[in-house]
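Notes to accompany the following structure.
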2 protein chains.
Amino acid sequence: MAEVTLKNLAEMLNLSISTVSRALKNHPDISNETKVKVKELAAVLDYEPNTYAINLRTNHSREFGIIIPSISNDFYQSFISSLEEEVRLYGYSLIILQSGNNQVTELENLKRCKQNRMAGVFVSITSNTSDISNFLKLDEQHIPIIFFDKVPSFEACNKVCVDDNYAATLAAEALISKNKKHILSIFGNPKMSITTKRLKAFEATFKKYNSDANVVIQSTNSTEEAFQMVQYYLNEKERIDAIFCMSDEILIGTMKAIQVLGLKTPNDVGVIAISEGIIPTFYHPQITYIETSGFKLAKMAFSRMLACVAGSTYVQELKIESVLVQGGSL
Amino acid sequence: MAEVTLKNLAEMLNLSISTVSRALKNHPDISNETKVKVKELAAVLDYEPNTYAINLRTNHSREFGIIIPSISNDFYQSFISSLEEEVRLYGYSLIILQSGNNQVTELENLKRCKQNRMAGVFVSITSNTSDISNFLKLDEQHIPIIFFDKVPSFEACNKVCVDDNYAATLAAEALISKNKKHILSIFGNPKMSITTKRLKAFEATFKKYNSDANVVIQSTNSTEEAFQMVQYYLNEKERIDAIFCMSDEILIGTMKAIQVLGLKTPNDVGVIAISEGIIPTFYHPQITYIETSGFKLAKMAFSRMLACVAGSTYVQELKIESVLVQGGSL
DNA sequence: AAATTTAGCGCAAACGATTGCGAAAATGTT
DNA sequence: AACATTTTCGCAATCGTTTGCGCTAAATTT
């Protein structure tokens, strides 16, 4: 069965291609009579305009790209899931490109976005991407870029990210209000900006409230390290009464240790985390956490993207304020 | 800065468009001299062929679609992650379409794939999709479809899925070899084919080995239900000595209950699950599980897809045999 | 030197949809 | 009835790339 094209329809109806095209688009030049005839046949034959032809003509497609280090991460997962919904509702498609936290692959992906003349690109950069000139080149092709989550420090670009200061502050305040005195605070890789930001705000909050709490700051690179560390600290004489986990990764290791030692939250030890929100529900009582969900972030990133596609050249840095989700672990 | 096109290059070099095109493609009709000139200019100006024009001409794009109920699922996540890698290596792109387990959305997504004349579509159907005629229509447009994971029962289509019989059998054998006698076996929604398949094979295995174990079969629809159920059974007089969890969802609820009761695996109670593999590492000791990873499945699905794209009309149902991953929970 | 081959390149159509412009037909106006 | 206007539609170009065919001039053969 041959494809149904305007040409096809035109021949069948003894009309010109242009008339058929206009009829389908309700162009005022076309009589009602012909419109009806054309539309009927189009419906019967299930005519669908050829996307490729339209893309060629308009020189842009209704596709967005998203470049991320890896899908296998709760945060990106919720971000993508949420973004895909929005994108679909607006008649766009979403193309996923993983960089595997590799700069070369990241660049290749970027090139793909350029080649495919995508309507726009969402990017969360790899942890060692510093030169973003290649990203900015897309602007020449009028392909807007929205950076999210892991954003470059360069100023003149659109960014949407979690307010790390605020999230860490909320966590610190929660610990202070619960009157915790011996707090183990576990952070991630100190090279990452996310870590330094959170750490800074965390410590500043304790100072601000003139807290007399003994706050032990530690950093880890993996769930396993957190697991070992928590076991070590919970076996110390002067018992830790609360643990702060900067990420889901750390939270998982922390909870493993707590369980191995046969302890329970919140009585034996309090736990609070900054989390995407899924992992905290895996425990009972559910973990109290500061939410840094990808859902909201995706909505914001998308609305910013729409503005850019519509022609906004205005550059913005948006931050999402997290909220404290009360579980029973603190 | 204007786009660099063949026309542009041709004018600059005082050549015809066709010559430029052929020069770039190393056509034998073109002299070496011109080839060099053309290629040099193309390189300098960073010429990139217009994908839209090529798509229009060839009437197909290098894009695959993937339609799934939801991304927020470890299995799909690993599947997509793995698939995206393959797809990218072969110069294709992957477009994600979530159906939200909704048949209407699923159909819309399918239509999008047809409209965009994708090179092929990977589909995991919603739990209540029974009529797959719409999927088969894509064949008319020469768009191959590979069903994966949740596949229709209809025979004449390409399917790639986990061998549920084998996975459940492995789990049962593990329980038998550990000499467990009071086994709580928790399955998912009995309406889903995945549940009935696993249940059937599970029971059959106990029979086959003439096991005298007391196997309690239960079904749940959520993590919360599993949580309640396990608490109930573990409080009974005749103590359960092992729990089988058909899915990650159930495993999470089960472990919550075990922790609330202050029990430990494997001594107080053994646990074994069929799982994607991430969740089992969240506990200590790690949960012993039968792997149903999306990674391998994605590789298989992709190679099958390549064959179809290459013209294979041959229809196949492929199954992946799971393996037992030894943790310390049984 | 004439005839034939071959190397090197350009013309033009095609993919399918859109749109400015012009033309014919229908209607209205004097 | 002659002219002006409006309705209704078709021609042809365009987006960028590819490709069959034909053309010219040089190289080869006779």
Side-chain angles (χ1 to χ4, degrees), chain A residues 1-39 41-42 45-63 91 114-119 141-143, chain B residues 1-39 41-42 45-63 91 114-119 141-143:
Chain A
M1 173 159 125
E3 297 261 349
V4 183
T5 68
L6 288 185
K7 197 176 170 187
N8 272 339
L9 296 176
E11 281 170 1
M12 290 174 146
L13 294 164
N14 264 333
L15 289 170
S16 76
I17 297 178
S18 32
T19 302
V20 174
S21 170
R22 282 189 254 254
L24 289 173
K25 303 219 139 191
N26 268 326
H27 193 285
D29 268 10
I30 308 299
S31 72
N32 257 322
E33 200 186 358
T34 13
K35 276 183 188 169
V36 171
K37 272 199 307 185
V38 171
K39 286 181 182 172
L41 187 62
L45 298 185
D46 196 26
Y47 166 76
E48 278 166 8
N50 186 312
T51 314
Y52 301 151
I54 295 175
N55 286 348
L56 173 59
R57 207 157 191 290
T58 59
N59 200 33
H60 62 72
S61 68
R62 294 187 75 80
E63 290 180 342
K114 210 168 76 180
Q115 279 185 335
N116 288 10
R117 286 162 172 77
M118 292 188 180
Q141 302 235 354
H142 306 287
I143 301 179
Chain B
M1 172 160 128
E3 297 262 348
V4 183
T5 66
L6 289 185
K7 197 176 170 184
N8 274 339
L9 296 176
E11 281 170 3
M12 293 175 143
L13 294 165
N14 265 332
L15 288 171
S16 75
I17 298 178
S18 31
T19 302
V20 176
S21 171
R22 281 188 256 251
L24 290 172
K25 304 219 140 192
N26 268 326
H27 193 284
D29 268 10
I30 309 299
S31 74
N32 258 320
E33 201 185 355
T34 359
K35 277 183 189 170
V36 172
K37 275 199 303 183
V38 171
K39 285 181 183 173
L41 187 63
L45 298 184
D46 195 26
Y47 166 76
E48 278 167 7
N50 186 312
T51 314
Y52 301 152
I54 295 175
N55 286 348
L56 173 60
R57 208 157 191 292
T58 59
N59 200 33
H60 61 72
S61 68
R62 293 186 75 79
E63 291 180 339
K114 212 168 74 179
Q115 279 185 333
N116 287 10
R117 286 161 174 79
M118 294 188 176
Q141 302 234 354
H142 306 287
I143 302 179

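Chain letters run A, B, ... following the sequence lines, proteins first, then strands; residues in each count from 1. Predicted model, so just to flag it, every value in this text is computed and none were measured.
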Nucleotide N/O of nucleotides 25-28 of chain D paired with protein N/O under 3.5 Å:
none

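As a whole-Å value, the separation of B/L56 CG from C/dT18 P is 12 Å. A/L6 has its CG atom 16 Å from the C1' atom of C/dA14, to the nearest Å. Look at CG on A/N50: it is 8 Å from C1' on C/dA17, rounded to the nearest Å. If you measure from atom CG of B/N55 to atom C1' of C/dG16, you get 13 Å, rounded to the nearest angstrom. Atom CG in B/N59 sits about 17 Å away from atom C1' in D/dT19, given to the nearest Å. As rounded to whole Å, 16 Å separates atom P of D/dG16 from atom CG of B/L24. The interatomic distance linking B/K7 (NZ) with D/dA13 (C1') rounds to 10 Å, in whole Å. Atom-to-atom, NE2 of B/H27 to P of C/dG10 comes out at 14 Å; the value is rounded to the nearest Å.
Listed by chain and number, the residues in a side chain to side chain contact (heavy atoms under 4.5 Å, CB included) with B/Q115 are A/E48, A/T51, B/R112 (sequence neighbours excluded). Judged as a side chain to side chain contact (heavy atoms under 4.5 Å, CB included), and not counting sequence neighbours, the contacts of A/L15 are A/L13, A/T19, A/V20, A/T34, A/V38. Residues satisfying the salt bridge (charged side-chain N to carboxylate O under 4.0 Å, His left out) criterion with B/R62, sequence neighbours excluded, are absent altogether. Annotation: side chain to side chain donor-acceptor pair (under 3.5 Å) contacts of A/T5 (sequence neighbours excluded): none. Taking A/K114 as the reference, B/D46 meet the salt bridge (charged side-chain N to carboxylate O under 4.0 Å, His left out) condition, with sequence neighbours excluded.
Distance from the side chain of A/R57 is smallest for D/dT14 among the nucleotides D/dT14, C/dC15, D/dT18. For A/S21, the listed nucleotide lying nearest its side chain is C/dT18; candidates were D/dT18, C/dT18, D/dT17.
Helix-axis bend for the helix from C/dA1-D/dT30 to C/dT30-D/dA1: the local axis fitted to the five terminal pairs at one end deviates from that at the other end by 60°, rounded to 10°.
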Using residues 21-30 of chain B as the side-chain source, report each donor-acceptor pair under 3.5 Å to any protein atom, sequence neighbours left out, with the distance given to one decimal.
residue, atom, partner, partner atom, Å
B/N26, OD1, B/K39, NZ, 2.9
B/H27, ND1, B/D29, N, 3.0

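Although no hydrogens or angles enter the test, the distance criterion places no donor-acceptor pair under 3.5 Å between the side chain of A/N116 and the main chain of A/M118.
In terms of heavy-atom proximity, A/N55 sits nearest to A/S61 at OD1-CA, 3.6 Å. Closest non-hydrogen pair, A/A119 versus A/I143, comes out as C-CG2, 4.5 Å.
At a non-hydrogen distance threshold of 4.0 Å, nothing from residues 29-39 of chain A comes into contact with DNA chain C. Of the residues in residues 12-20 of chain B, B/N14, B/L15, B/S16, B/S18, B/T19 come within less than 4.0 Å of DNA chain C through at least one heavy atom, sorted by number.
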(request) Applying side-chain contact (heavy atoms from CB on, under 4.5 Å), run through A/L41 and A/Y47 and close with a yes or a no. (result) CA-CA 8 Å; A/L41 187 62; A/Y47 166 76; over 6 Å; no
(request) Kindly indicate, with the supporting measurements, whether the criterion side-chain contact (heavy atoms from CB on, under 4.5 Å) is fulfilled by B/K35 and B/N32. (result) CA-CA 5 Å; B/K35 277 183 189 170; B/N32 258 320; 4.2 Å; yes
(request) I would like to know whether B/N59 and A/E3 meet side-chain contact (heavy atoms from CB on, under 4.5 Å); could you show each step before the answer? (result) CA-CA 10 Å; B/N59 200 33; A/E3 297 261 349; 3.6 Å; yes
(request) Might you work through the side-chain contact (heavy atoms from CB on, under 4.5 Å) test for B/H60 and B/H142, ending with a clear yes or no? (result) CA-CA 10 Å; B/H60 61 72; B/H142 306 287; over 6 Å; no
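The residue among B/P28 and A/Y47 whose nearest nucleotide of DNA chain C is located toward the 5' end is B/P28.
Between the side chain of B/R22 and the base of C/dG10, at least one donor-acceptor pair of N or O atoms lies under 3.5 Å.
Atom CG of A/L56 and atom CZ of B/R57 lie 12.0 Å apart (nearest 0.5 Å).
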